[in-house]
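Step one of this worksheet: look at the structure below.
Everything numeric here is computed off the predicted structure, so don't read it as measured data. Residue numbers start from 1 in every chain, and the chains themselves are labelled A, B, ... in the order their sequence lines are given, proteins ahead of strands. Below, each value reflects all heavy atoms present in this structure, side chains not excepted, and no hydrogens, waters or symmetry copies.
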There are 2 protein chains.
Amino acid sequence: MLNSYSSADKVLLAVDCIIFGFDHQGLKILLIQRDFEPEKGKWSLIGGFLKRDEVLDNAAIRILNTYTGLNDIYMEQLYAYSEIDRDPVERTISVSYYALINIENHNTELIKNYHAEWFPIAEAPNLIFDHNEMVKNAIRRLRYRTSIKPIGFELLPEKFTMRQLLELYEAILSKELDKRNFISKINSLEILNKLDEKDMQSSRKGSYLYTFNKEKYEEKLLNDFVLNL
Amino acid sequence: MLNSYSSADKVLLAVDCIIFGFDHQGLKILLIQRDFEPEKGKWSLIGGFLKRDEVLDNAAIRILNTYTGLNDIYMEQLYAYSEIDRDPVERTISVSYYALINIENHNTELIKNYHAEWFPIAEAPNLIFDHNEMVKNAIRRLRYRTSIKPIGFELLPEKFTMRQLLELYEAILSKELDKRNFISKINSLEILNKLDEKDMQSSRKGSYLYTFNKEKYEEKLLNDFVLNL
DNA sequence: TTTATTAATGTAGATTTTACACTTACATAA
DNA sequence: TTATGTAAGTGTAAAATCTACATTAATAAA
């Protein structure tokens, strides 16, 4: 019987996490220096093996936590990579996950202790196995996602300026956006609350701070929409 | 060592294929009646186990062929399902694949011999395991894909009428489209060749037949574009 | 009080999208 | 041969959206 369970092959199933972060310097990616063979010392995505009694989503969360100390990160599944020799040690299929986080909200010291490090996207080192490809695909997905869902929620501090939001979008899309058009498009979504408070860091005039309006934001998440930037 | 290969669990990895087809009656899905336990006799997606020396994409092709006789079908990977008890017999992670095919181009007799059957989407029976969810997600992906890539190529006969193309889009999107606006949008893509030939089946006047212009079509596939229907 | 710096703001023209109805071609039946 | 019925084919005007673009405003520092 072709389809009998007992005669089917079992394989190792891994999860690799592509963690994007944003700070005042732009879009970054979190990588670790492998502390085990093969490729010990080389840079890699944060990854590990799925356990028998574990759902993939949870494996991603556990592995991210194990290697970076990061907690409560919402990740989305991306793609299963299955080239025969992608891992030279043993046949391993890897499912990639990605997330967007606010670098400043997370303990940079902690991350460092785990030998994890943030790299500006453009300056990321070469990665082991097929991790470069995984990152490339994740960036594509991130850009696509940007066009159909509002983002920023996860990446900016609670209170942020229009300029910060603009720079976030510019970093993700890696292109310049017209400031006035951007602001009016964002405003037309009605997902921001303009505060009375100003941020005085950036200029003498100071710029208004905004927060996300969670309710409206969730509403937008439901009905797919297109944001043409 | 947390991350050692030898101590990691191995699991069964399956592939399930969501095959969409289109004919004059509308959008359909290909299902098989399981001829093995558990759930023998119930309807299910076409699925099977990944082999140790096989890439997922090829497993999907092999499995589809094994259970339906279908050949040369291009499938796209969708999502990995990993709920612990999704398969009651043994822990199995399943990666879903989907494809769009032209029902009339494929041997219906052959498919029947394999106990596979086409069901109109709306009339599909309840499926085993988490297959209903897989189908739901695949339909969503199909609709999304429709908005960013031209489709039809795979689903229509070589020569087809505008009405057929319109009906295909209406079936996938499950909404009515304005005939004139649809035609002018499609024409603006410049991916069709209008033939001198007419199809006389559908009306006394007869309607012009079209073919896809493969080159232009491939070109469009490269540059992502948005088709707002 | 002058200067320098970034924030904030509006509009006109171009493009795209939408809604909508009549004429044409032909086969069939009278 | 003529009349009739059926689906095919076609255009436009109004609305909405997108794009490009430049000046004034607020404030701190000199």
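Picking from dG11(D), dA8(D), dA27(C) the nucleotide with the shortest atom distance to the side chain of Asn181(B) gives dG11(D). Of the candidates dT18(C), dG9(D), dA7(C), the closest approach to any side-chain atom of Ser207(A) belongs to dA7(C). Set against dA25(C), dA8(C), dT10(D), the side chain of Arg180(B) has dT10(D) as its closest nucleotide.
Remark: P of dG9(D) and OH of Tyr210(B) are 6 Å apart, rounded to the nearest angstrom. The CG atom of Leu177(B) sits 11 Å away from the P atom of dT18(C) (whole-angstrom rounding). For the pair Gln164(B) CD and dG9(D) P, the interatomic distance rounds to 12 Å; values are reported in whole Å. Atoms CD (Gln201(B)) and P (dA8(D)) sit 12 Å apart, rounded to a whole Å. Lys205(B) has its NZ atom 11 Å from the C1' atom of dC22(C), to the nearest Å. dA20(D) atom C1' lies 17 Å from atom CZ of Phe182(A), rounded to whole Å. For the pair Asp199(A) CG and dA28(D) P, the computed distance is 13 Å after rounding to whole Å. Rounded to whole Å, the distance from CE on Met200(B) to C1' on dG9(D) is 14 Å.
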Go through it in stages, so that I can follow the logic: the residues are Glu117(A) and Lys112(A), the test is salt bridge (Lys or Arg N to Asp or Glu O under 4.0 Å), and I'd like the CA-CA distance, side-chain angles, deciding distance and then a yes or no. CA-CA 6 Å; Glu117(A) 203 170 305; Lys112(A) 262 194 199 140; over 6 Å; no
Would Asn137(A) and Arg140(A) count as a side-chain hydrogen bond (donor to acceptor under 3.5 Å, both in side chains) here? Give the steps. CA-CA 5 Å; Asn137(A) 288 333; Arg140(A) 196 164 41 164; 2.9 Å; yes
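If Ser203(A) and Arg204(B) are placed on DNA chain D by their nearest nucleotide, the residue sitting closer to the 5' end is Arg204(B). Comparing Ile183(A) and Asp178(B) against DNA chain C, the residue whose closest nucleotide sits nearer the 5' end is Ile183(A). The 5' end of DNA chain D is approached more closely, in terms of each residue's nearest nucleotide, by Lys185(A) than by the other of Lys198(A) and Lys185(A).
The residue Arg163(B) sits close only to the backbone: its heavy atoms come under 4.0 Å of sugar-phosphate atoms, none of a base. Within 4.0 Å (heavy atoms only), Lys179(A) reaches at least one base atom of the nucleic acid.
The distance between the ring centers of Phe212(A) and Tyr217(A) falls below 6.0 angstrom.
Salt-bridge formation is not detected for the pair Glu218(B)/Lys214(B): no Lys NZ or Arg NE/NH1/NH2 atom is positioned less than 4.0 Å from an Asp or Glu carboxylate oxygen.
In this structure, Lys194(A) satisfies the cation-pi test against Tyr208(A), with its NZ or CZ atom closer than 6.0 Å to the six-membered ring centre and inside 45 degrees of the ring normal.
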